[in-house]
Amino acid sequence: MNAPVYASPHAVTTRTTRQIMGMVMLALAPATVAGFWQFGWPAFCLWLVTILSCVTFEAICLQIGGRRAMPVLLDGSAALTGWLLALSLPPWAPWWLGVLGAAIAIVIGKQVFGGLGCNVFNPAMVGRTVLLVSFPVLMTQWVNPQMLAQGTDLSLAVQVGLGGGIPDAYTSASLLGHVKTDLGRGVPLLEAMSAFTPGQGLDGSRAGSLGETASLLVVAGGLFLVAKRIIGLRIPLGFIAGLCVPAAIAHASAPDHFLPPLAHLLSGGALLGAFFIATDYVTSPSSPAGQWIFAIGAGLLTWLIRSWGGYPEGVGFAVLLMNATTPLLDLWARPRIFGRSLTGRSLPARRRQEFIR
Amino acid sequence: MQEVLMTLIGLVLVNNVVLVRFLGLCPFMGVSRKLDSALGMGMATTFVMTLSALAAWALEHALLLPFDLTYLRILAYIVVIAAVVQFVEMVMHKTMPDLHRVLGIYLPLITTNCAVLGVPLLNAQSGSGLGMSVLGGFGSGVGFTLVMTLFAGLRERLERAGVPEAFRGPPLAFITASLLALAFMGFTGLVPAH
Amino acid sequence: MAHFVIPPIRHLLTRWGIHPDAHKFPAADLGIVDAGLPPLIVLPLAQQAGAPARPVVKVGEHVLKGQRVADPAGAISAAVHASTSGTVIAIGEAPMPHPSGLPGLAISLRPDGEDRWVELHGDPYPIRLEPAEISRRVAEAGVVGMGGAAFPAAVKLALGQRSAIDTVILNGSECEPYLSCDDRVMRENAADIIEGSRLIMRATGAKRVLVGIEDNKPEAIDAMKVAAHPFPEVSVVKIPSRYPMGAERQLIYTLLGVEPPAGGRAADVGVVVHNVGTAAAVWRALRYGEPLIERVVTVAGGAIASPRNLRARVGTPLQWLIDRAGGLSRQPARMVVGGPMMGVAVGDLDIPIGKGASGVLALTHAEVGEREPSACIRCGSCVSACPVGLLPLEMANRIHAGELGQAEDIGLRDCLTCGACGYVCPSRIPLVQYFMHARGELVALEREGKRLDRVRELTEARSGRLEREAREKAEAQARRKAERAAAAKKETAA
Amino acid sequence: MSADRLTSAHWYPGLSLGVVMLATTAILALGQAGTADRIAQAVADDSRQQLEQILPAGYADNNLLADTLTLAGPDGQPLVVHRASKQGVLRAVLYEMSGHGYGGRIVLLMAVDTDGRIVGVRVTRHNETPGLGDRIEVARNDWIRAFDGKSLQQPTPAHWSVKKDGGDFDQFAGATITPRAVVGIVRQGLEFFVAHRDELLGQTGGQQEKRS
Amino acid sequence: MEQMITAVVSLTAIGSGLGWILGTAARRFAVEGDSRVKEVEAMLPAANCGQCGFPGCAGAAEAIVAGDASPTCCPPGGKVVALAIATHLGLTLEDDGVDEGPLVAVVEDALCIGCTKCYRQCPSDAIIGAMKQLHYVFAEACTGCNQCVEKCPTGAISLQSLPATASTWVMPKPALAA
Amino acid sequence: MSDSPSLRHITRDGLWDNNVVLGQMLGLCPTMAVTSSATNGLGMGLATTAVLVLSNVLISALRAWVVDAVRIPVFIVLIAGLVTLVDISMNAWFHDLYKVLGIFIALIVVNCAVLGRAEAFASRHPVSLAALDGLVTGVGFTVALVAMGAVREITGAGTLFANAHLLLGQHFAFLETKVLPADTGALYMILPPGGFLVLGLLIAGRRWLQKQIDKRTADVAVAAAAH
Ligand SMILES: Cc1cc2nc3c(=O)[nH]c(=O)nc-3n(C[C@H](O)[C@H](O)[C@H](O)COP(=O)(O)O)c2cc1C
Ligand SMILES: Cc1cc2nc3c(=O)[nH]c(=O)nc-3n(C[C@H](O)[C@H](O)[C@H](O)COP(=O)(O)O)c2cc1C
Ligand SMILES: Cc1cc2nc3c(=O)[nH]c(=O)nc-3n(C[C@H](O)[C@H](O)[C@H](O)COP(=O)(O)O)c2cc1C
Ligand SMILES: Cc1cc2nc3c(=O)[nH]c(=O)nc-3n(C[C@H](O)[C@H](O)[C@H](O)CO)c2cc1C
Ligand code: SF4
Ligand code: SF4
Ligand code: SF4
Ligand code: SF4
Ligand code: FES
């Protein structure tokens with residue numbers, strides 16, 4: 001009786017939480033490096049500051065909560081949250097914005113709920129959205145790409161990071177922001193779009209946040225995770241469908257007012273959202289049906305907010321909104337239990353007649 | 001038709017009674033610990049809000065406006081609403097015990113829910129017609145039910161999470177509500193304000 | 001040639017189950033070896049599903065090999081036979097393979113070394129026997145399912161008399177890692193199995209036999225196909241390797257595309273499922289009259305020096321088997337009876353194997369992979385692994401919060417405790433332990449509730465009785481008084 | 001009749017609620033009667049203050065609330081125009097104009113003198129983002145005062161836009177739509193003035209100010 | 001003045017009308033229930049805030065009387081109300097102790113003198129035995145009511161938790177947080 | 001509940017132990033809606049306090065004459081009457097503040113705190129206690145509102161007691177402080193979500209403080225026992 005009780009199974013996979021988080025970071029790395037290439041030292045410094053702040057705040061919270069910090073810090077989830085937050089900030093935002101965002105993401109978005117696995121909203125998106133609502137100007141200031149080519153150096157990074165503001169020569173508008181502004185002025189869509197070519201979305205050579213520019217690399221990273229079976233295809237596909245199908249219909253009916261689906265897909269945080277943000281395990285449903293509903297809903301809301309709402313970009317809000325439905329989806333969109341109907345009743349006794357001769 | 005739809009979207013998503021207009025917060029906080037209660041409360045509130053919007057409109061146009069008694073609006077509205085709610089509750093209790101078990105028990109709570117008075121008052125302020133008044137009451141009720149349901153789902157899940165001592169219960173509920181309101185801010189501007 | 005059954009395309013699309021490391025070799029490639037006679041045999045009385053058997057021998061009595069030492073107790077139970085000749089030295093508690101480590105009742109036998117059989121009554125043409133006679137003889141032989149659950153085989157065979165059975169499925173999937181006893185039996189005794197399956201078919205009134213074998217056992221498939229060749233009603237079907245393919249309902253679904261109703265039985269869809277080893281045992285019981293006193297056991301695991309399959313007598317202690325397999329090459333982290341996914345961890349090597357024990361595993365730290373659980377990251381791996389379509393994380397979560405009823409609402413009853421979810425969890429959450437705990441609690445609650453009901457009845461009965469007694473006493477008193485009064489009257493009158 | 005019997009009578013609930021209503025209503029009616037004038041006064045003061053705040057101190061001496069006329073506004077809806085005069089001389093007309101900003105309708109009150117020059121502009125209602133668009137409020141920023149003294153001639157119509165669009169007026173960092181909208185509304189207001197100049201200045205009780 | 005009269009008259013009429021309707025309805029549609037529910041409801045703050053998790057004070061009162069809720073379930077009422085209700089209903093408040101599972105009486109053989117006091121006391125006939133003979137508690141029928149323990153002159157009876165056997169054993173709950 | 005609680009007890013209860021907002025979580029709508037600045041919070045708090053005191057007194061005085069069938073309507077009518085009076089008075093004398101607090105003055109009627117105190121306390125206690133209860137409840141409410149308003153205003157707009165002169169007159173204009181440079185606050189805090197967040201944090205803070213106090217008193221008790 002005193003011997004420890006071991007319940008089955010007596011074997012487990014070799015995969016661990018830390019490995020999973022590490023793999024996601026690995027998948028993010030190419031797109032991030034491409035971002036550094038485009039936006040230079042300031043972007044790199046902001047990325048570093050944000051991740052370090054996230055890990056620091058996580059450590060502080062664990063300390064206050066009286067929990068052993070080391071094993072939890074090593075699971076890598078805080079660093080991943082910081083990474084994704086950094087990818088969704090304007091690359092030349094001042095450092096304090098990254099620190100504040102990290103504090104919000106980790107403390108308000110995660111630790112008050114009880115830490116990893118307990119939070120109900122996506123911490124990185126909580127951080128980003130609170131910042132967006134709080135500091136709309138800073139959060140919608142974008143810079144031209146190809147910064148390294150233009151010769152930004154570390155001193156500029158420090159100057160920008162400490163809040164010195166962005167020299168006018170570098171500022172630019174993101175596609176969604178630009179289109180929203182111009183549509184607001186009554187400029188027809190085609191004219192508003194003329195400054196952008198679709199190819200820019202693929203290689204990342206246009207204004208935007210670190211993680212939204214190099215779409216090809218984001219997708220590649222996402223597919224790597226799919227291949228490694230870390231994420232499934234339901235959420236990315238559902239998200240893309242939810243965004244592109246209504247966009248295609250609307251664009252077909254009023255090309256002057258609605259962006260084409262490809263522009264939606266290649267701009268803003270759509271792909272990052274589809275592969276890395278909506279897929280966050282903790283805040284998305286775990287059943288297949290729930291995941292479809294969640295993803296399609298998030299894509300649809302993204303399109304709605306982009307096309308009709310006051311904010312130029314909707315991925316963050318859409319993800320948070322669908323996060324709120326996750327518990328209900330987990331409850332109401334459960335898989336059918338083997339041997340039961342969808343409503344949970346036992347299936348009737350039945351046999352395959354064709355086998356009986 | 002489009003206007004009705006727009007108004008509904010506006011009431012449910014953009015200017016949600018609870019999260020944006022700050023009405024009916026006490027039941028939102030109080031009756032959202034269990035999903036079933038939240039749903040029941042939401043439906044009962046929708047019913048009463050629709051009814052009270054109708055009653056208030058009638059009162060406004062039959063008595064208060066013709067006789068220039070608008071300063072008695074609060075008094076007249078609330079007494080009629082309170083009485084109607086209590087009456088409905090009593091009748092339902094006796095004649096439809098099954099429905100009462102589902103909805104009726106929430107009715108007395110609703111008298112002290114400021115949304116039920118607030119929505120008719122707002123209607124009166126904006127001088128809405130009968131249709132829009134009733135729609136306003138109904139739409140606000142639907143918005144209330146929607147966020148109640150979402151919130152109750154979230155709270156049920158949090159009930160099982162390892163929340164730190166200092167935040168367990170109401171504090172975390174408020175923080176969750178804050179993030180829910182943040183999410184709903186995404187709908188800002190979805191419907192042009194009139 | 002037996003006709004082909006094309007597995008329904010649906011099972012290629014469904015994505016339940018897992019692919020754990022198989023670890024089947026080298027044991028699967030080595031022939032079965034006899035484990036020999038241990039110095040002590042311990043025959044558990046509760047080695048079958050259902051009620052423990054009732055001993056029919058006394059301490060000190062000498063028994064022969066194959067002699068019945070315990071009778072089945074009730075409809076679902078099985079007889080126990082001596083697995084060698086020798087003297088009964090004890091009837092009482094002995095260590096048992098049970099997760100609690102608690103002992104159970106057993107008959108201990110000191111072998112006399114002669115291994116002398118009782119007289120056996122076989123039948124040269126058992127296929128001509130009446131169905132009822134077949135299941136009677138199977139019951140006589142104490143045959144139970146050898147696929148793990150150890151359900152009395154005769155009970156299932158008798159099913160044909162109650163429900164219409166059209167298909168017998170032989171379960172040769174052996175999806176648990178490490179285990180290869182069924183594989184070996186299929187390779188070495190294919191003919192026995194096929195003969196046995198035809199007996200089962202006859203007993204249940206079925207029209208055909210399907211033998212499902214996972215595609216990672218090509219030799220077994222070949223051997224079985226050869227053996228099945230003469231019988232058109234027997235088909236051997238290759239099925240995908242996936243854990244838990246061997247679970248009864250999942251196997252039926254894979255082979256036939258029908259789902260047995262939850263809470264119902266295989267018989268509801270006209271099917272009886274038996275392990276291949278069971279079929280062989282049925283054949284031996286009828287053809288030669290041999291009771292089930294030995295079985296093939298896989299002795300394997302990283303801490304076993306030379307893993308192999310042993311033909312072992314029921315009641316052989318683990319230590320003996322391990323020694324036959326070269327002994328321990330290093331200190332094991334965990335000893336398991338059964339497979340690694342559903343087996344029972346044991347802490348005592350004196351524990352005997354029963355009829356249902358398919359494996360004895362000595363697992364190393366690396367193999368067990370034990371680690372402190374961390375928080376559930378809701379990765380959903382457990383959900384995609386679950387063969388039943390449950391949400392293991394949600395059930396565990398509710399059980400953790402003490403909401404057992406809610407866990408039941410979302411499917412706890414349908415859980416097989418197959419361990420697929422526990423295997424894939426990157427956070428090492430002891431999911432299956434939660435489910436076993438909750439089920440145990442629910443059963444205990446039910447038991448307690450029933451007990452309290454009974455107590456309430458007793459209490460009411462007692463108060464009724466007390467009342468009645470009081471009334472009777474009062475009446476008697478009144479009577480006596482009246483009598484006395486009458487007597488007094490009489491006296492005065494006199 | 002004892003209190004208990006009284007309160008359990010079947011007509012008692014009606015009576016008690018009736019009595020309470022009677023008393024409450026009576027008190028309220030009295031209260032209302034007592035404060036009605038003050039409230040009317042306060043409301044009027046309020047409206048007047050709103051009108052007067054866009055005029056320089058001592059600009060007018062008439063009752064702005066009383067001296068009004070109603071025209072058809074640019075959108076076809078009736079538009080109330082207040083007229084400010086000093087010593088009987090009409091000096092400016094005040095009216096509201098509205099248009100769409102970033103977050104919805106922006107309503108401006110503007111005062112235009114008889115020469116078509118702006119005396120003052122204030123935003124009375126808007127739905128712009130706090131911290132961004134709300135800098136058009138005079139309480140937050142002096143930006144709105146930049147219109148003072150401007151007319152359709154000066155700057156020329158081509159320059160009636162924000163600097164970003166090649167005009168004369170500043171925009172805010174990160175929020176161009178709102179200032180653009182306000183400039184547009186003000187310009188529309190001036191155009192309205194020009195189009196209706198005669199009606200606005202014509203049928204006045206007082207005398208027109210001399211042109212300088 | 002006229003307007004004031006309209007105001008007073010119309011609202012008074014509305015008031016008395018509604019009051020009459022409610023008064024009548026209260027009689028016509030009266031639903032009688034457990035009187036204790038009403039009493040408990042009267043003790044609750046009647047804030048109808050729902051924080052107890054029940055739909056209003058009436059719901060909470062019903063649950064408390066039915067035993068589905070602890071009197072401490074009402075945050076606005078606080079300790080005072082909880083205590084008052086507990087006293088009124090005869091409940092004890094500190095019930096959140098650890099549940100050690102069912103207890104049953106066990107007779108220690110060496111101490112039993114066969115006096116049958118326990119036998120006569122047991123309300124559920126769980127004890128078997130006769131005068132001057134060893135008594136035995138039939139665990140299946142024992143409620144653990146403690147009455148026999150108090151009656152036993154030699155202290156032979158004690159309450160113990162049922163010993164686990166392989167068939168009654170329950171897998172322990174995993175110790176570490178999920 | 002019939003025995004009268006002590007004055008100290010009522011005071012402590014209303015201000016801290018069972019503070020309407022922070023403890024009982026009633027009257028949340030005005031709490032959230034008007035606390036984008038400390039001044040608004042103060043105004044709303046004072047108005048509510050006035051209604052609370054008066055309604056408690058009235059209801060306590062009339063409690064013997066109210067029957068169950070119309071209890072809630074009668075209470076509500078009384079409260080509505082008082083609120084209308086306050087509404088009219090504020091409209092007449094504090095017109096600017098009235099414009100800010102707007103519909104929430106009217107909603108004092110259904111502020112659950114007012115009806116809650118009426119039912120829970122005033123209808124069961126004598127007038128004097130009821131008045132005290134109304135006062136402390138109101139003050140507790142006001143304190144909570146001002147605290148929330150202050151936090152939200154400072155973090156959201158960088159000011160404190162902006163526009164105090166509208167409420168308190170020019171003499172109090174000195175209260176108006178600029179804490180942060182203009183336009184540097186986090187808008188989140190003065191927008192609706194900020195209200196929820198601050199209240200959540202305040203309640204958590206109160207809980208933490210209570211724990212510290214409990215610990216201190218326990219320590220003191222232990223020390224006293226040791227003597
Ligand atoms: C009380 C009881 C009655 C059963 N009756 C039948 C039966 O009539 N037919 C049958 O096929 N199995 C019957 N079973 C066995 C199960 O349905 C199942 O086949 C057996 O437990 C082996 O399944 P497993 O090894 O996949 O767990 C019964 C089991 C129990 C506990
Ligand atoms: C998860 C799980 C896995 C199983 N795997 C096997 C298996 O690999 N081979 C097998 O014969 N029985 C397996 N079984 C048992 C079968 O469900 C079924 O009880 C058995 O095939 C019936 O045959 P028997 O009564 O002859 O043992 C498994 C059961 C479960 C629940
Ligand atoms: C949250 C949010 C709120 C905004 N609010 C306003 C606003 O109130 N007024 C405005 O002109 N633009 C507003 N904008 C629009 C952007 O700032 C837009 O990019 C800007 O108006 C274009 O001006 P720019 O050309 O100076 O970048 C808002 C944008 C966001 C994201
Ligand atoms: C596939 C995947 C996606 C993730 N996405 C996010 C994310 O969008 N935001 C975030 O804060 N953390 C993300 N994480 C990390 C982790 O789940 C997160 O910190 C938890 O939400 C914290 O409880 C992700 C992790 C994985 C494995
Ligand atoms: S596999 Fe483990 S970590 Fe993943 S969801 Fe299931 S229980 Fe949680
Ligand atoms: S143990 Fe139960 S829950 Fe887990 S995978 Fe198996 S059947 Fe599903
Ligand atoms: S404890 Fe109670 S029920 Fe149990 S034996 Fe003693 S008297 Fe009987
Ligand atoms: S009371 Fe004690 S001594 Fe007497 S019979 Fe019972 S157990 Fe024995
Ligand atoms: S104040 Fe309580 S519901 Fe509004």
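These numbers come from a predicted model, not from an experiment. Every chain is numbered from 1 and lettered A, B, ... according to where its sequence line falls, protein lines coming before strand lines.
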For chain F, the option from B:Ile78, B:Thr176, B:Val79, B:Leu122 that forms the most heavy-atom pairs under 4.5 Å: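 Looking at each of B:Ile78, B:Thr176, B:Val79, B:Leu122 in turn, B:Ile78 comes out on top.
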Please rank B:Leu19, B:Val18, B:Leu179, B:Val20 by heavy-atom pairs under 4.5 Å with chain F and give me the top one.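 The candidate making the most pairs under 4.5 Å is B:Leu19.
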Heavy-atom pairs under 4.5 Å with chain B - which of [options] has more of them than the others?
options: F:Ala113, F:Cys29, F:Gly194; value: F:Cys29
options: F:Val109, F:Ile88, F:Asn91; value: F:Val109
options: F:Gly81, F:Ala80, F:Gly205; value: F:Ala80

B:Phe138, CZ atom: more than 12 neighbouring heavy atoms under 6.0 Å: no
Which portion of F:Leu191 sits near chain B, non-hydrogen atoms under 4.5 angstrom: side chain
Does any non-hydrogen side-chain atom of F:Phe196 lie less than 4.5 Å from one of B:Phe22?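 Side chain of B:Phe22 against side chain of F:Phe196, heavy atoms only: contact under 4.5 Å found.
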For residues F:Leu201 and B:Ile175, determine if any side-chain heavy atom of one lies less than 4.5 Å from a side-chain heavy atom of the other.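 Yes, at least one pair of side-chain atoms sits under 4.5 Å.
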Spatial distance of atom [atom1] ([X]) from atom [atom2] ([Y]) [nearest 0.5 Å]:
X: B:Leu75; Y: F:Leu82; atom1: CG; atom2: CG; answer: 10.5 Å
X: F:Thr84; Y: B:Leu72; atom1: OG1; atom2: CG; answer: 7.0 Å
X: F:Met32; Y: B:Leu23; atom1: CE; atom2: CG; answer: 12.5 Å
X: F:Leu28; Y: B:Met29; atom1: CG; atom2: CE; answer: 7.0 Å
X: F:Leu85; Y: B:Ile74; atom1: CG; atom2: CD1; answer: 10.0 Å

For B:Phe151, the ring pair (Phe, Tyr, Trp, His ring centres under 6.0 Å) test, sequence neighbours excluded, returns B:Phe28
Mark yes or no for whether F:Arg207, through its side chain, and B:Pro171, through its backbone, hold a donor-acceptor pair below 3.5 Å.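 A pair under 3.5 Å: no.
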Counting N and O atoms only, with roles assigned by atom type, does the side chain of B:Ser178 sit under 3.5 Å from a partner on the main chain of F:Pro193, one being a donor and the other an acceptor?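 Present.
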Identify the residue among F:Leu199, F:Val198, F:Leu197 that makes a side chain to side chain contact (heavy atoms under 4.5 Å, CB included) with B:Phe174.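 Going through the options one by one, the only one that passes is F:Leu199.
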Determine the minimum heavy-atom distance between B:Ala166 and F:Ala204, stating which atoms define it.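 What the structure gives for the nearest pair is O-CB, 3.7 Å.
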Residue B:Arg21 versus chain F: region with a heavy atom under 4.5 Å: backbone
